[in-house]
Asks: 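Can you keep this structure in mind? I'll have questions shortly.
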Amino acid sequence: MLHEKFAEGIISAKQFDREDIAYFLNKGKEMISERNSNLLRGKILATLFFEPSTRTRLSFESAMYRLGGNVIGFHSGDVSSIKKGESIADTIRTVENYCDCIVMRHSLEGAARMASKFAQVPVINAGSGSGEHPTQALLDLLTITEEFGTLNGLNIGLMGDLKYGRTVHSLSILLSNFDVNIYFISPVELKMRNRDKDFLQQRHMKYKEITDYRKILNILDVLYMTRVQKERFIDLEEYEKVKDFYTFRENDLENTKDEFRLLHPLPRITEISPGVDNSEKAIYFKQASYGIPMRKALLAELMIE
Ligand code: NCD
């Protein structure tokens, strides 16, 4: 059933209802303890990355190898025929013949959706401009549920670049399926876009928008920080104004609950000072490790007939 629902792939967090999320969190959890298998032996994954990536591409590739499958692909638009002027559509219509699933990252918001229309194989959106990054959001939820055992009732702050950050867009969409209290924390220039908020309001999500995180730090269970997305700014002077707006420091930890956890999809630039890394409350590298089990669960679901 799920296989049918995701036959075109995973393009947006909006595809997932509460049951689907529970299903993948369960599968992801199972995959944490299972290291290697041959579930996808003989299958080929194509990773087409037109934008930089460390965790997403390498964890997709590692997940595929750990499932016994193979990987082809490129990690820069400069080395594919796109550089010669080939369209995304033609690239996809070619690559789909060489693989069983495509993972794609592109600077255009609609790129993954368009690719899924041209491909006979499932397409996974590994980041589409400042739009969405649904598989990151799923691994974020796996991280939170591994720590707290549940999502319901949690006070969760999403902080930083809520305008251009695709991870927070997908994460807030997934969270709108649950009974959570959300705090959108950002400078005014980087507030969540109205179209994203409209969607969350339709889903009756409870959220507040604030600028000073210190005011609510003592009630938060989770603080999910993000990088200011330099590459999305048209005017770099605007970026300079907001790039150092927040820096979470060691002394901030003193005002947090014992169970407080600090997450970040990474890469981190200056928004979390390195001294915070040693705290048990800082779990962003553990979070990055969950990219493997969650992506194994997704790849297995999409490629096993
Ligand atoms: C994020 C991305 O690419 O959107 N990184 C990731 O996939 N873990 C976050 C970012 O680049 O800031």
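Atoms within each ligand, like the ligands themselves, are counted from 1 in listed order. Sequential numbering from 1 along the given sequence is applied to the chain's residues.
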Asks: How far is atom 8 (N) of ligand 1 from the closest protein heavy atom, and which atom is that?
Replies: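 Its nearest protein heavy-atom neighbour is P265 O, 3.0 Å.
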
Asks: With heavy-atom distances below 4.0 Å as the criterion, list the atoms of ligand 1 near P267.
Replies: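 Those atoms are 10 (C), 11 (O).
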
Asks: Which option out of R268, Q229, E51, E132 puts a heavy atom nearest to atom 12 (O) of ligand 1?
Replies: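 Minimum heavy-atom distance to atom 12 (O) of ligand 1 goes to Q229.
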
Asks: Is it true that E61 and T47 share a donor-acceptor pair across their side chains at a distance under 3.5 Å?
Replies: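 A pair is found: one side chain offers a donor N or O, the other an acceptor, under 3.5 Å apart.
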
Asks: Please check: side-chain N/O of Y246 versus main-chain N/O of S186, any donor-acceptor pairing under 3.5 Å?
Replies: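 Flag set: sc Y246 to bb S186 pair under 3.5 Å.
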
Asks: Please list the nearest protein heavy atom to atom 6 (C) of ligand 1 with its residue and the distance rounded to 0.1 Å.
Replies: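 Sorting protein heavy atoms by distance from atom 6 (C) of ligand 1 puts L266 O, 3.6 Å first.
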
Asks: Taking N or O atoms only and a 3.5 Å limit, does H133 qualify as a polar contact for ligand 1?
Replies: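 Right, the criterion is met.
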
Asks: Any heavy-atom pair between the side chains of L158 and L162 that's under 4.5 Å?
Replies: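 Yes. Closest side-chain heavy atoms under 4.5 Å.
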
Asks: For atom 11 (O) of ligand 1, which protein heavy atom lies nearest, and how many Å away is it?
Replies: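 Its nearest protein heavy-atom neighbour is R227 NH2, 2.9 Å.
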
Asks: In this structure, does ligand 1 have an atom that sits under 4.0 Å from one of the heavy atoms of T56?
Replies: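 T56: in contact with ligand 1 (<4.0 Å).
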
Asks: Taking N or O atoms only and a 3.5 Å limit, does T167 qualify as a polar contact for ligand 1?
Replies: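 No; the residue has no nitrogen or oxygen that sits under 3.5 Å from a nitrogen or oxygen of the ligand.
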
Asks: Nearest protein heavy-atom contact for atom 3 (O) of ligand 1: which residue, which atom, what distance?
Replies: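 Of the protein heavy atoms, R166 NH2, 2.9 Å lies nearest.
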
Asks: Determine yes or no for a side-chain-to-main-chain donor-acceptor pair under 3.5 angstrom, with N125 supplying the side chain and I11 the backbone.
Replies: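 Flag set: sc N125 to bb I11 pair under 3.5 Å.
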
Asks: Below 3.5 angstrom, do we get any N/O pair linking R105 and ligand 1?
Replies: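 Looking only at distances, the answer is yes, because the N/O contact criterion of under 3.5 Å is met.
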
Asks: Would you call the rings of H264 and Y284 parallel, tilted or perpendicular, taking 30° and 60° as the class edges?
Replies: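 It falls in the perpendicular class, over 60°.
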
Asks: Looking just at side-chain N and O atoms, do N181 and N155 make a donor-acceptor pair shorter than 3.5 Å?
Replies: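 Indeed, the side chains of N181 and N155 share at least one donor-acceptor pair under 3.5 Å.
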
Asks: With side chain to side chain contact (heavy atoms under 4.5 Å, CB included) as the test, pick out the partner of Q136 among Q287, R166, R55.
Replies: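 That would be Q287; it is the only one of Q287, R166, R55 passing the side chain to side chain contact (heavy atoms under 4.5 Å, CB included) with Q136.
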
Asks: Return the orientation label for the Y207 and F184 ring planes: parallel under 30°, perpendicular over 60°, tilted otherwise.
Replies: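 Tilted, since the angle between the ring planes falls between 30° and 60°.
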
Asks: Show which atoms of ligand 1 fall inside a sub-4.0 Å distance from at least one heavy-atom site of Q136.
Replies: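 It comes down to these atoms of ligand 1: 6 (C), 7 (O), 8 (N).
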
